[in-house]
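In this chain, residues are counted from 1 in sequence order.
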Amino acid sequence: MAKRELTARYLFFIAGLFVNAFGISLIIKANLGSSPISSLPYTLSLNFPVTLGQFTLLLNAALIAGQIWLLKRDFRKEQFLQIPVAILFSFFIDCSMALLGGFTPAGYASQILSLIAGCAILGLGVSMEVIANVVMLSGEAFVKAITLRTGKEFGITKIGFDTTLALLACAASLMIAGSIEGVREGTIIAALIVGLFARFFNRRLGFVNKMITFAPNKTPIQPYEDNCNHRTDRN
């Protein structure tokens, strides 16, 4: 891949990372729960003087360590790129939460609209990351590591992974606060519709993949098949 194209793909990926973080933050600001993969960091952030971004970074660090343990010698050097990506993603989450600091939807209808808007923005961010096709986020990479070791289908494993995080969030909240915080109907809605939005944007943004190849006669790199489906299911 030419240096110019690789640079364009990483820049597009970073933009998608911010859009992703902003979508997660808007879902949380709807106050109907968080997306499944953010449920544990969000629940912990409600009960400790640590930011959502910082807890997200800790979770990502644990997932990267889990990949190294699962894959051992099969963990490739380029997969360490997940570390700076995780740091940047966590920073973007805290920035987004600060940007939305004064935003509080009034009434349940406004909360639902904010939730759906957040899911759409998150789906757009996921789609941008798929099109960039350069780095996997640690949550997806961890699930993929499990599938490589167990032979299980990615989609089923991803559902189990998201469910486990949501259950851990519920358990942590019950133990710390005595009630369930951070996991509500919005968590289920996000799990169901973020992937649909991502697939929608994948179809609409296909032209970007051609643009960043900088070669009209060259076949654009397609989002790698083993990631395309599971990325659009991330939430």
Side-chain angles (χ1 to χ4, degrees), residues 13 16-17 20 23-24 27 33-44 55-87 89-90 93 119 122-123 125-175 182-183 187-199 202 221-235:
F13 174 82
L17 208 60
N20 191 327
I24 288 173
I27 290 171
S34 64
S35 61
I37 199 166
S38 300
S39 57
L40 183 57
Y42 178 55
T43 296
L44 293 174
F55 270 126
T56 299
L57 181 58
L58 289 174
L59 174 62
N60 285 331
L63 294 176
I64 293 170
Q67 292 171 59
I68 295 172
W69 178 73
L70 284 168
L71 297 177
K72 298 181 174 61
R73 293 183 180 181
D74 291 331
F75 187 85
R76 302 186 304 275
K77 290 182 180 180
E78 57 267 27
Q79 290 174 279
F80 282 109
L81 283 172
Q82 293 175 58
I83 296 173
V85 166
I87 294 171
F89 184 52
S90 300
I93 286 177
C119 290
L122 177 54
V126 170
S127 178
M128 292 172 70
E129 293 166 10
V130 169
I131 292 169
N133 196 30
V134 285
V135 184
M136 291 177 70
L137 298 185
S138 57
E140 298 173 322
F142 179 75
V143 174
K144 187 175 181 182
I146 293 175
T147 65
L148 289 173
R149 280 291 168 259
T150 64
K152 301 291 186 182
E153 182 185 345
F154 189 98
I156 301 232
T157 307
K158 181 66 167 64
I159 291 171
F161 173 70
D162 286 346
T163 302
T164 299
L165 286 179
L167 291 175
L168 285 173
C170 291
S173 184
L174 285 171
M175 286 189 293
V183 179
T187 305
I188 299 172
I189 292 171
L192 293 174
I193 69 174
V194 169
L196 298 177
F197 278 120
R199 291 186 184 98
N202 276 346
I221 294 176
Q222 299 299 317
Y224 30 99
E225 290 300 323
D226 60 337
N227 291 341
C228 191
N229 290 332
H230 71 254
R231 284 193 172 209
T232 55
D233 288 334
R234 181 166 59 83
N235 36 64

Exercise. Do any pairs count as a salt bridge (Lys or Arg N to Asp or Glu O under 4.0 Å) and have a residue in residues 147-157, sequence neighbours left out, and if so which ones?
Worked result: D74-R149
Exercise. Between the side chains of N20 and E129, is a donor N or O closer than 3.5 angstrom to an acceptor N or O?
Worked result: yes
Exercise. Is there side-chain contact between L137 and I37, with at least one heavy-atom pair below 4.5 Å?
Worked result: no
Exercise. Can you name the residues that form a side-chain contact (heavy atoms from CB on, under 4.5 Å) with I68, not counting sequence neighbours?
Worked result: I64, F75, F80
Exercise. Does the S90 side chain pair with the main chain of A86, one donor and one acceptor, at a distance under 3.5 Å?
Worked result: yes
Exercise. With distance as the sole test, does T150 use its side chain to make a donor-acceptor pair with the main-chain N or O of I146 at under 3.5 Å?
Worked result: yes
Exercise. Does any N or O in the side chain of S127 come within less than 3.5 Å of the main-chain N or O of N202, such that one atom is a donor and the other an acceptor?
Worked result: yes
Problem set entry | Nearest-0.5 Å distance, OG1 of residue T147 to CZ of residue F142 | 11.0 Å
Problem set entry | side-chain contact (heavy atoms from CB on, under 4.5 Å) partner of L192, chosen from V194, I188, I189, L196 | I188
Exercise. Shortest non-hydrogen contact from A141 to Q82?
Worked result: CB-OE1, 3.5 Å
For this session: Could you pull out the closest heavy-atom pair between G182 and T43, with the gap in Å?
Result: CA-OG1, 4.0 Å
Exercise. Between V85 and F13, does a side-chain contact (heavy atoms from CB on, under 4.5 Å) hold up when you go through it step by step?
Worked result: CA-CA 10 Å; V85 166; F13 174 82; 3.9 Å; yes
For this session: Could you tell me whether the side chain of Y42 reaches within less than 4.5 Å of the side chain of I24, counting heavy atoms only?
Result: no
Exercise. Is any side-chain heavy atom of L63 closer than 4.5 Å to a side-chain heavy atom of F161?
Worked result: yes
Exercise. How long is the gap from CG on L168 to OG on S173, to the nearest 0.5 Å?
Worked result: 12.5 Å
Seminar exercise, completed: Taking every heavy atom of A145 against every heavy atom of Q67, the minimum-distance pair comes out as CB-CG, 4.2 Å
For this session: Side-chain contact test, heavy atoms from C-beta onward, threshold under 4.5 Å: evaluate it for L165 versus P36 and give yes or no.
Result: no
Seminar exercise, completed: Looking only at heavy atoms, the pair that brings T187 and S35 closest together is CG2-C, 4.4 Å
Exercise. Taking atom CZ of F89 and atom CG of L57, what is their separation to the nearest 0.5 Å?
Worked result: 11.0 Å
Problem set entry | Side chains of K144 and F154 in contact at under 4.5 Å (non-hydrogen atoms) | yes
Exercise. Under 4.5 Å between any side-chain heavy atoms of L122 and F197, yes or no?
Worked result: no
Problem set entry | Shortest non-hydrogen contact from V183 toward S39 | CG2-CB, 4.0 Å
Exercise. Nearest heavy-atom pair of A172 and L44: which atoms, and what distance?
Worked result: CB-CD2, 4.3 Å
